[in-house]
Amino acid sequence: MKWLPYAPVFWILALGAGALAALSPDSRILGLVAMAGFGIAALAGWFETNRQIERAQEEKAALESEIESLESQVVRHRDALDDLAEGIDASIFLLDPALKILYFNSQADEFFRIGDREGEPLGSVTLSNELAELAETVVQTGKPQEREVALHHPRQRIVQARCWAEEYGEDRLFLKLRDVTELRHLETVRRDFVANVSHELRTPMTTIRAMAETLEEPDCDEDLQKKYLDRIIREVDRLTRITDDLLTLSIAESGTVQRTKCDFAEIVGTVAQQLEKKAAAKGLAMETERPKSLSLFANETQLAQIAFNLIDNAINYTVEGKVTVHLADVGGQAVLTVSDSGLGISSEHLNRIFERFYRVDKGRSRASGGTGLGLAIVKHLAELHGGTVKVESLLNRGSTFSVLLPLPKGDTHPPL
Ligand code: ADP
């Protein structure tokens with residue numbers, strides 16, 4: 001109502017009319033009527049003012065609760081984004097156009113040990129010019145950029161970096177780094193493995209072909225024929241050993257094992273007995289110490305393979321002295337130890353001998369019929385059974401290989 005602001009004036013007028021009625025008996029009636037009229041108008045104005053104040057207070061309260069709900073929505077969205085950024089298997093950065101870090105997720109923190117250096121330039125935190133250049137290109141072109149980058153700080157890693165600009169808003173940049181070091185390593189290992197297998201197979205095959213060609217010649221004498229045929233048989237045997245070992249290795253690496261209750265002591269005894277002749281032929285003494293029985297829930301063939309490879313190696317790489325095979329239950333683990341007084345292995349080779357096709361002395365390994373896969377098989381089979389392999393060796397003094405396999409607790413079998 002338009003006259004509302006005049007309510008105080010009506011109060012004054014009502015008071016004036018009241019005073020007039022009191023002071024002038026002639027104008028008493030007029031004064032009283034005027035006082036009543038102005039009083040009613042002033043009261044109406046007072047009530048209306050109160051109503052308006054109440055309405056404004058209600059509107060203010062409604063606005064405040066709307067702001068509160070909007071604020072809590074923003075917080076919820078931010079928390080959801082944080083959770084999302086934490087859940088992504090990558091380092092995430094939010095950068096301003098000057099490439100200063102505005103935000104990073106915990107993986108980025110772990111990766112670069114950023115700590116409280118939020119606000120610092122990307123280049124000084126990652127110490128990578130390549131990453132800074134990538135982000136700079138996005139700032140200049142506005143186009144997303146992607147590149148594989150080798151990082152040297154805080155450790156050597158390879159990351160797949162992707163950087164893109166915020167579509168709406170303040171020209172901020174997102175940078176995502178996915179660690180592909182392991183993937184690239186596996187690719188290299190696989191490439192090397194294929195190259196090694198090809199090489200290992202090609203050598204005997206080339207020999208076989210060359211000899212077969214000589215045998216084809218009409219003037220090839222009988223002695224030579226016999227010599228070459230023997231050699232061909234040896235090379236074919238070698239090819240068979242390589243393919244057999246590759247198959248065993250691939251089964252070991254597949255991670256599945258069929259177990260039954262078996263007696264490891266008996267298995268070791270049988271394998272040692274099989275190889276005793278070979279040791280004796282080299283003039284080596286062989287000692288076997290084992291309990292009467294040692295039950296394991298395992299794959300019998302694979303346990304025999306572990307024992308065979310270790311004892312066979314001990315004989316192959318020992319010129320004189322003895323080979324000792326020892327099996328015992330040590331604190332809930334079956335521990336098979338094969339020691340020899342042989343060539344030994346120098347420390348620079350020691351941590352590589354379990355790699356596929358790694359040999360300290362290629363010639364000696366081939367001469368003894370080795371494929372370079374024996375120890376890789378031992379390691380994988382032991383791990384497949386939840387165990388580990390250890391080696392201690394001194395050059396020209398001998399080696400001790402140990403395989404530790406968990407024994408079942410009580411009568412219960414370990415999980416398959
Ligand atoms: P290989 O078929 O060549 O014997 P392995 O994987 O069994 O392949 O062993 C890898 C290499 O480790 C061997 O070539 C050899 O140089 C070394 N090695 C293994 N066992 C012994 C041992 N008992 N004494 C000395 N060297 C060993």
Looking at Arg117, I want to see if its CZ is surrounded by more than 12 non-hydrogen atoms of other residues, nucleotides or ligands under 6.0 Å.
yes
Taking atom CD of Glu148 as the centre, report whether more than 12 heavy atoms of other residues, nucleotides or ligands fall under 6.0 Å from it.
yes
Please evaluate residues Arg356 and Glu253 with respect to the criterion salt bridge (charged side-chain N to carboxylate O under 4.0 Å, His left out), reporting the C-alpha separation (whole Å), side-chain torsions for both, the decisive distance (0.1 Å), and the verdict.
CA-CA 12 Å; Arg356 295 175 289 194; Glu253 284 181 339; 3.1 Å; yes
Any non-hydrogen side-chain atom of Ile158 less than 4.5 Å from a side-chain atom of Leu151?
no
Beyond-backbone contact of Leu131 with Phe93, side-chain heavy atoms, under 4.5 angstrom
no
Heavy-atom nearest pair, Pro291 first then Ala265, reads O-CB, 3.3 Å
Does Asp109 use its side chain to pair, donor to acceptor, with the backbone of Arg113 at less than 3.5 Å?
no
If we only count heavy atoms from C-beta on, is the Leu375 to Phe401 side-chain gap below 4.5 Å?
yes
Got a second to check how far Arg290's CZ is from Leu327's CG, nearest 0.5 Å?
8.5 Å
Can you confirm whether Ile29 is buried at CD1, in the sense that more than 12 heavy atoms of other residues, nucleotides or ligands lie under 6.0 Å from that atom?
no
Minimum side-chain heavy-atom gap Arg366-Arg359 below 4.5 Å:
yes
N/O donor-acceptor pair under 3.5 Å between Ser393 side chain and Gly398 backbone
yes
Can you give me the closest heavy-atom contact between Ala307 and Val271, atom names plus distance?
C-CG1, 3.9 Å
Looking at Asp79, I want to see if its CG is surrounded by more than 12 non-hydrogen atoms of other residues, nucleotides or ligands under 6.0 Å.
yes
Given Thr181 and Asp179, is the side-chain hydrogen bond (donor to acceptor under 3.5 Å, both in side chains) satisfied, shown in steps?
CA-CA 6 Å; Thr181 318; Asp179 192 341; 2.5 Å; yes
In the structure I gave you, are the side-chain heavy atoms of Ile315 and Leu275 within less than 4.5 Å of one another anywhere?
yes
With a distance cut-off below 6.0 Å to the six-membered ring centre and an angular limit of 45° from the axis, does Arg364 pair with Tyr317 as a cation-pi contact?
no
Side chain to side chain contact (heavy atoms under 4.5 Å, CB included), that's the test. Do Asp340 and Lys322 meet it? Break it down for me.
CA-CA 6 Å; Asp340 63 61; Lys322 68 172 180 179; over 6 Å; no
Considering all heavy atoms of both residues, which atom of Ala298 and which atom of Cys262 are nearest to each other, and what is their separation?
O-SG, 3.7 Å
Separation between OG1 (Thr137) and CD (Glu133), nearest 0.5 Å, reads 7.0 Å
With rounding to the nearest 0.5 Å, note down the distance linking CD in Gln140 to CD in Gln145.
10.0 Å
Output for pair (Arg191 CZ, Leu186 CG), nearest 0.5 Å, gives 11.0 Å
Taking Asn50 for the side chain and Gly45 for the main chain, is one N or O donor matched with an acceptor at less than 3.5 Å?
no
Is any NZ, NE, NH1 or NH2 atom of the basic residue among Arg190 and Glu187 found under 4.0 Å from an Asp or Glu carboxylate oxygen of the other?
no
Side-chain donor-acceptor pair under 3.5 Å between Thr207 and Glu235, yes or no?
no
Residue pair Met205, Leu239: steps toward the side chain to side chain contact (heavy atoms under 4.5 Å, CB included) verdict:
CA-CA 8 Å; Met205 284 195 304; Leu239 281 173; 3.9 Å; yes
Step by step, work out the side chain to side chain contact (heavy atoms under 4.5 Å, CB included) result for Gln302 and Leu384.
CA-CA 10 Å; Gln302 293 178 336; Leu384 196 63; 3.8 Å; yes
Using only heavy-atom distances, determine whether the side chains of Glu348 and Ser346 contain a donor-acceptor pair under 3.5 Å.
yes
Would you find more than 12 non-hydrogen atoms of other residues, nucleotides or ligands less than 6.0 Å from Gln273 atom CD?
no
Is there a donor-acceptor contact under 3.5 Å linking the side chains of Asn316 and Lys278?
yes
Leu177 side chain near Phe112 side chain, heavy-atom distance below 4.5 Å:
yes
Looking only at heavy atoms, the pair that brings Val138 and Ala165 closest together is CG1-N, 3.8 Å
Between Asp263 and Leu294, is there a donor-acceptor pair closer than 3.5 Å when you use the side chain of the first and the backbone of the second?
yes
Flag, side chain of Arg147 to backbone of Arg162, donor-acceptor distance under 3.5 Å:
no
Heavy-atom closest pair, residues Lys390 and Leu404
CE-CD1, 4.0 Å
Gln156, CD atom: more than 12 neighbouring heavy atoms under 6.0 Å
yes
dist Phe104:CZ -> Ile92:CD1 (nearest 0.5 Å) comes out at 13.0 Å
Checking Leu296 against Leu405 for the side chain to side chain contact (heavy atoms under 4.5 Å, CB included) test, could you report, in this order, the C-alpha distance in whole Å, the side-chain angles of both residues, the deciding distance, and whether it holds?
CA-CA 9 Å; Leu296 268 184; Leu405 300 174; 3.9 Å; yes
Nearest-0.5 Å distance, CG of residue Leu84 to CD1 of residue Ile88:
4.5 Å
Between Lys282 and Thr318, is there a donor-acceptor pair closer than 3.5 Å when you use the side chain of the first and the backbone of the second?
yes
Within 6.0 Å of CD in Glu300, more than 12 heavy atoms from elsewhere:
no
Closest non-hydrogen atom pair between Val149 and Ala161, with its separation
CG2-CB, 4.2 Å
Would you say Glu86's side chain and Ser106's backbone share a donor-acceptor pair under 3.5 angstrom?
yes
NZ/NE/NH1/NH2 to OD/OE distance under 4.0 Å, Glu58 and Arg55
no
Backbone N or O of Arg259 within a donor-acceptor pair of the Asn299 side chain at under 3.5 Å?
no
Under the 3.5 angstrom rule, does the side chain of Ser27 hit a backbone N or O of Leu20 as a donor-acceptor pair?
no
Heavy-atom count around Gln160 CD within 6.0 Å, excluding the residue itself: above 12?
yes
Taking the side chain as every heavy atom from C-beta outward, state whether Leu95 and Tyr103 have any pair of such atoms under 4.5 Å apart.
no
Using side-chain heavy atoms (C-beta onward) and a distance below 4.5 Å, is Leu343 in contact with Val319?
yes
Examine distances only and state if a side-chain atom of His349 and a backbone atom of Ile345 form a donor-acceptor pair shorter than 3.5 Å.
no
